[in-house]
Amino acid sequence: MNKIPEISLKTGGTLPKLGLGTYMVGGGMKHDPNNDDAKQIKVLQDAINAGFRWVRTAQNYAEGYCHVLVGKAMKDFNRNTLFLSEAINQNFALNQQSMVDEAKKSLERLGTDYFDLYMIGAINPDVSVSEVAKGLMYLLDNKLTRYIGVSNYRLEELKFINEYTGGKIVCDEMHFNLAIREPLVSGVYEYCKQNDILLSAYRPLQFGQ
């Protein structure tokens, strides 16, 4: 297995610089009953054998069926060699208990007992940031995840949740590439740099553009 360079996290441990997204595994946002499961499992396993260690999933990909296929792909590998990150859709994270319940369902589908990184997918204007922070901290304190982070959090939201969790946020995942520059112009990049938070870019190639 080739080695992808890693980044040190402020709370200990490391994260590979390049991750493997799993959107469209099992279907898009809906489960596709005609999906070629065996082919996608093999593609995931080939990627891991080629050196990918960070696998990024989401609670609502293919209505949870993505987890089933990722779990089957992972079972032939030593779990401790993989870095598994998850994002819960903000519409399912209504309070601490719902976040815990969804995390446990995801872990069961994946066939593992912990995440390496657990994130909230975006801001839900109807749910307080403090309630989300409570959910993340429960998962962290009860060892259902090793690290916690956020996705699509802008500067003020990121500042609040990082302060509320006592500086435990290790990652903010944002749309960022040569065309989309919001993390730079909004101040998120600078805040992440000053507070040792990893700014993780999704769609870094903007579908090849």
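We're numbering straight along the sequence, starting at 1.
- In this structure, Gln90 and Ile123 have side chains that are not in contact, with every pair of non-hydrogen atoms separated by 4.5 Å or more.
- Under the 3.5 Å distance criterion, with hydrogens and angles disregarded, a donor-acceptor pair is assigned to the side chains of Thr112 and Arg79.
- No single ILVMFWY cluster, assembled from side-chain heavy atoms under 4.5 Å apart, contains both Leu140 and Phe83.
- Legend: residues meeting ring-ring contact (aromatic ring centres under 6.0 Å, His included) with Tyr23, ordered by chain and number and at least two apart, are Tyr61.
- Cluster annotation: Leu136 is not connected to Leu9 through the hydrophobic network of ILVMFWY side chains, with a link wherever side-chain heavy atoms come within less than 4.5 Å.
- Using a 4.5 Å heavy-atom cutoff, the side chains of Arg154 and Ser186 are not in contact.
- Looking at every heavy atom in both residues, Val25 comes nearest to Cys66 through O-CB, 3.3 Å.
- Looking at Lys105 and Asp101, no side-chain N of the basic residue comes within less than 4.0 Å of a carboxylate O on the acidic one, giving no salt bridge.
- Val70 is connected to Leu18 through a chain of hydrophobic side-chain contacts under 4.5 Å among Ile, Leu, Val, Met, Phe, Trp and Tyr, so both are in one cluster.
- Going from atom NZ of Lys134 over to atom OH of Tyr164 covers 4.5 Å, rounded to the nearest 0.5 Å.
- Proximity of a side-chain donor or acceptor of Thr22 to a complementary backbone N or O of Arg56 within less than 3.5 Å is detected.
- Side chain to side chain, Tyr65 and Asn35 fail the donor-acceptor criterion of an N or O pair below 3.5 Å.
- Inspection of the Ser200 and Glu173 side chains reveals no N or O donor paired with an N or O acceptor under 3.5 Å.
- Phe92 contributes atom CZ, which lies 5.0 Å from atom CD of Gln59 (distance to the nearest 0.5 angstrom).
- Between Ile180 and Asn177 the shortest side-chain heavy-atom distance falls below 4.5 Å.
- In this structure, Pro183 and Leu199 approach most closely via the heavy-atom pair CB-CD2, 3.7 Å.
- A single hydrophobic cluster is not seen to contain both Val55 and Val43; linkage of ILVMFWY side chains at heavy-atom distances under 4.5 Å, directly or through other members, places them apart.
- Atoms CD1 and CD, on Ile120 and Glu131 in that order, are 11.0 Å from each other to the nearest 0.5 Å.
- Ring planes of Tyr118 and Phe115: tilted class, angle from 30 to 60°.
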- request: Before giving the answer on side-chain contact (heavy atoms from CB on, under 4.5 Å), spell out for Leu94 and Asp126 the whole-Å C-alpha distance, their side-chain angles and the decisive distance to 0.1 Å.
  value: CA-CA 8 Å; Leu94 303 178; Asp126 297 323; over 6 Å; no
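- Of all heavy-atom pairs between His67 and Leu110, the closest is O-CD2, 3.5 Å.
- The environment of Lys10 atom NZ is dense: over 12 non-hydrogen atoms of other residues, nucleotides or ligands sit within 6.0 angstrom.
- Taken from CG in Asn195 to CG in Asn162, the straight-line distance is 5.5 Å, to the nearest 0.5 Å.
- Side-chain heavy atoms closer than 4.5 Å link hydrophobic residues (I, L, V, M, F, W, Y) into clusters, and following such links, possibly through other members, connects Leu144 to Leu84.
- For the atom pair CG of Leu117 and OH of Tyr147, the computed distance is 9.5 Å after rounding to the nearest 0.5 Å.
- Contact annotation: the side chain of Leu139 approaches that of Val100 to within less than 4.5 Å [non-hydrogen atoms, C-beta and beyond].
- Put simply, the side chain of His175 does not reach to within 4.5 Å of the side chain of Glu182, judged on heavy atoms.
- For the pair Glu63 (side chain) and Gly27 (backbone), a donor-acceptor distance under 3.5 Å is absent.
- Looking only at distances, a side-chain donor or acceptor of Asn152 sits under 3.5 Å from a matching main-chain atom of Gly121.
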- prompt: For Phe52 and Leu44, what are the C-alpha separation, side-chain angles and deciding distance, and is it a side-chain contact (heavy atoms from CB on, under 4.5 Å)?
  reply: CA-CA 9 Å; Phe52 280 93; Leu44 290 169; over 6 Å; no
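- Remark: Glu190 CD is packed, more than 12 non-hydrogen atoms of other residues, nucleotides or ligands lying under 6.0 Å away.
- Between Val170 and Ile148, the closest side-chain pair of non-hydrogen atoms is not below 4.5 Å.
- A distance of 5.5 Å separates CD1 in Ile88 from CE in Met99, rounded to the nearest 0.5 Å.
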